[in-house]
Amino acid sequence: MHVLHVTQTYYPDSRGGIEEVIRQIAINNKSLGIETRVFTLSNKPMPTCIEIDGIKIYRAPLNAKIASCGMSIKAFGLFKELVEWAQIINYHFPWPFMDILNLFINNNTKMVVTYHSDIVRQKRLFNLYKPLMKHFLKKANVIVATSDNYSKSSVILKKYKKKVKVVPLSISKESYPIPTKKDLTKIKDLVGQDFFLFIGALRKYKGLNFLLGALKNTEIKCVIAGSGPEMLRLKGLVKSLGLTNIVFLGRVSDSEKVSLIRLCRAVVLPSNLRSEAFGVVLLEGAMYKKPLISTEINTGTSYVNINEETGLVVPAGDADSLRESMLLLNSDKSLSKKMGQAAHQRYLKLFKGSLMSQQYAEIYTTLLKSNAV
């Protein structure tokens with residue numbers, strides 16, 4: 001079976017939740033005879049095709065961005081070639097440009113749309129995009145929501161509920177590197193241990209300004225790992241707040257990421273908008289027995305993190321509540337350990353290994369069978 005994943009950004013250009021979802025699906029489905037290719041845009045698209053984790057990644061040059069939507073002239077020709085190869089196309093929503101690609105190039109290839117998030121910002125542009133989005137989602141054979149929370153709270157998904165399937169994310173520990181003693185020592189020498197950890201793309205919806213506000217007038221150490229458009233603004237905010245307990249590491253390798261999670265006190269995800277549909281980093285924290293701190297935004301984050309069980313859930317955009325949660329876990333090591341163990345048990349029960357990939361494989365197989373009839 002040939003499955004093409006279509007996403008705005010992918011490794012090695014970016015590292016985030018959507019990238020990890022695609023990676024997990026592809027790696028775990030390989031043993032089921034499913035060959036995966038990824039189509040994406042890149043600032044450095046030479047060579048056009050590269051291979052990571054045994055997955056072929058085809059990259060068209062990024063020509064421009066309008067309201068965070070990447071566009072490419074050469075994408076049309078490359079996408080057409082890949083569509084001719086694919087039996088299933090798995091689009092990763094939202095990315096309005098892929099709707100345009102689908103409109104002009106896609107034939108009758110079966111369509112799966114993984115619905116990662118509503119479009120929360122750019123409301124005026126959204127009104128212009130809405131007719132194209134409706135056509136795109138109507139054409140989809142299956143729309144996958146990543147949690148029941150998001151499926152029920154999304155105004156858009158409610159309109160397509162007959163074709164919506166809920167497939168919670170899952171991750172396989174075997175697909176992550178095992179840090180050596182040298183790796184752990186390197187990170188420990190750099191940032192110490194028992195710090196609070198944020199890992200992810202530095203974007204507005206991540207709520208990092210509230211995290212920085214929560215750290216003001218505390219001695220809590222926080223490490224921020226990742227890169228993105230908010231980096232300069234956040235560093236400026238750190239300076240204006242006079243914070244000395246923040247370390248920006250920029251983009252980190254997978255081995256460094258695992259080392260950071262293993263050495264931290266807790267994983268923090270302070271997102272304040274519904275663009276944060278699930279939070280793969282919460283699964284990663286739970287996988288390594290770490291307590292979680294997240295916000296209530298009526299998405300999958302509160303499906304992963306259960307308040308006062310696997311960690312703490314605070315109101316979105318509330319720096320004071322965020323500070324109180326970090327102070328509590330910082331001062332109570334036994335509570336942190338207890339919540340970390342509970343998070344791990346929830347991971348083992350609901351989010352471990354190839355559960356997500358198996359459900360995607362079932363969706364793909366069912367669609368191909370219906371095509372053969």
Side-chain angles (χ1 to χ4, degrees), residues 1-42 45-61 72 74-93 95 97-98 101-102 105-116 139-144 146 165 167-177 254 280 352-373:
M1 187 190 304
H2 295 170
V3 178
L4 175 65
H5 286 265
V6 181
T7 179
Q8 179 167 203
T9 60
Y10 196 70
Y11 303 118
D13 293 53
S14 62
R15 311 178 75 85
I18 293 176
E19 292 89 336
E20 189 58 37
V21 168
I22 296 170
R23 190 177 83 94
Q24 291 290 330
I25 293 171
I27 288 173
N28 288 294
N29 278 351
K30 196 182 301 182
S31 62
L32 301 176
I34 299 174
E35 182 180 348
T36 298
R37 292 182 181 178
V38 176
F39 171 82
T40 188
L41 303 187
S42 173
M46 296 302 293
T48 299
C49 178
I50 60 174
E51 190 167 313
I52 299 176
D53 296 317
I55 305 162
K56 289 184 178 179
I57 304 155
Y58 291 81
R59 307 177 299 168
S72 169
K74 291 188 177 180
F76 289 89
L78 180 57
F79 183 66
K80 184 177 181 180
E81 291 178 20
L82 291 168
V83 166
E84 291 173 357
W85 169 86
Q87 294 172 285
I88 300 282
I89 302 179
N90 196 149
Y91 294 92
H92 291 266
F93 183 97
W95 180 27
F97 183 68
M98 74 180 177
L101 289 173
N102 173 270
I105 300 212
N106 191 15
N107 49 24
N108 294 319
T109 308
K110 295 293 185 178
M111 282 176 61
V112 176
V113 175
T114 302
Y115 194 96
H116 292 278
K139 192 176 177 182
N141 299 99
V142 176
I143 300 173
V144 178
T146 56
K165 293 183 181 294
V167 179
L169 306 187
S170 69
I171 56 176
S172 170
K173 195 171 184 179
E174 290 72 26
S175 67
Y176 286 73
D254 287 337
V280 172
K352 181 186 175 183
S354 60
L355 294 173
M356 169 182 66
S357 306
Q358 289 168 1
Q359 291 181 73
Y360 269 93
E362 289 170 8
I363 290 170
Y364 299 153
T365 302
T366 300
L367 285 178
L368 284 186
K369 284 181 178 178
S370 68
N371 196 40
V373 173

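Annotation: side chain of Leu4 is not in contact with side chain of Asn90 (no heavy-atom distance under 4.5 Å). Looking at Ser72 and Leu78, their side chains never come closer than 4.5 Å, going by heavy atoms from C-beta outward. Looking only at side-chain heavy atoms (C-beta outward), Lys110 and Ser370 come within less than 4.5 Å of each other. Taking 4.5 Å as the limit, every side-chain heavy atom of Asn29 sits out of range of all side-chain heavy atoms of Val3. A 4.5 Å side-chain heavy-atom check between Ile171 and Leu169 finds every atom pair outside the cut-off. Between Val113 and His92 there is no side-chain heavy-atom pair separated by less than 4.5 Å. Put simply, the side chain of Thr36 does not reach to within 4.5 Å of the side chain of Lys30, judged on heavy atoms. When side chains are defined from C-beta on, Trp95 counts as touching Leu41, because their heavy atoms get closer than 4.5 Å.
Among residues two or more places apart in sequence or in another chain, the ring pair (Phe, Tyr, Trp, His ring centres under 6.0 Å) test is passed with Tyr10 by none.
Just one residue in the list His5, His2, Lys56 forms a side-chain contact (heavy atoms from CB on, under 4.5 Å) with Arg37, and that residue is Lys56.
Rounded to the nearest 0.5 angstrom, Gln359 CD and Ser354 OG are separated by 10.0 Å. We find the CG-OG1 distance between Leu368 and Thr366 to be 9.0 Å, quoted to the nearest 0.5 Å. Here CZ of Phe79 is found 6.5 Å from CD1 of Ile105. Values are rounded to the nearest 0.5 Å. Distance check, rounded to the nearest 0.5 Å: CD1 of Ile89 to CD of Gln87 gives 11.5 Å. For the atom pair CG (Asn108) and CE (Met111), the distance works out to 11.0 Å, reported to the nearest 0.5 Å. In this structure, the separation between CD1 on Ile34 and CG on Asn28 is 10.5 Å, given to the nearest 0.5 Å.
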*asked:* Determine whether Asp254 and Arg15 satisfy the following criterion, side chain to side chain contact (heavy atoms under 4.5 Å, CB included), listing intermediate values before the conclusion.
replied: CA-CA 10 Å; Asp254 287 337; Arg15 311 178 75 85; 2.3 Å; yes
*Verify side chain to side chain contact (heavy atoms under 4.5 Å, CB included) between Tyr58 and Leu82, making sure each step is shown before the conclusion.*
CA-CA 9 Å; Tyr58 291 81; Leu82 291 168; 3.7 Å; yes
*Going through the distances and angles, do Ile27 and Ser172 end up as a side chain to side chain contact (heavy atoms under 4.5 Å, CB included)?*
CA-CA 9 Å; Ile27 288 173; Ser172 170; over 6 Å; no
*What do the steps show when you test Val21 against Met356 for side chain to side chain contact (heavy atoms under 4.5 Å, CB included), and what is the final call?*
CA-CA 9 Å; Val21 168; Met356 169 182 66; 4.1 Å; yes
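The closest side-chain donor-acceptor pair between Tyr360 and Thr114 falls under 3.5 angstrom. Checking Ser175 against Gln24 by side-chain atom types alone, a donor-acceptor pair falls below 3.5 Å.
Checked against the 6.0 Å centroid threshold, Phe76 and Phe97 count as a close aromatic pair. Annotation: Phe93 is in aromatic contact with Tyr115 [ring centroid separation under 6.0 Å].
The shortest heavy-atom contact between Ala86 and Thr109 is O-CG2, 3.8 Å. Closest approach of Pro45 to Ala60, counting heavy atoms only: CB-C, 4.1 Å.
Counting only distance, with no hydrogens or angles, the side chain of Glu19 and the backbone of Gly16 share a donor-acceptor pair below 3.5 Å. In this structure a side-chain-to-backbone donor-acceptor pair under 3.5 Å is missing from Thr40 to Arg59.
A cation-pi geometry, defined here as NZ or CZ lying under 6.0 Å from the six-membered ring centre and within 45° of its normal, holds between Arg23 and Tyr176.
Counting heavy atoms of neighbouring residues, nucleotides and ligands inside a 6.0 Å radius, atom NZ of Lys165 does not exceed 12 of them.
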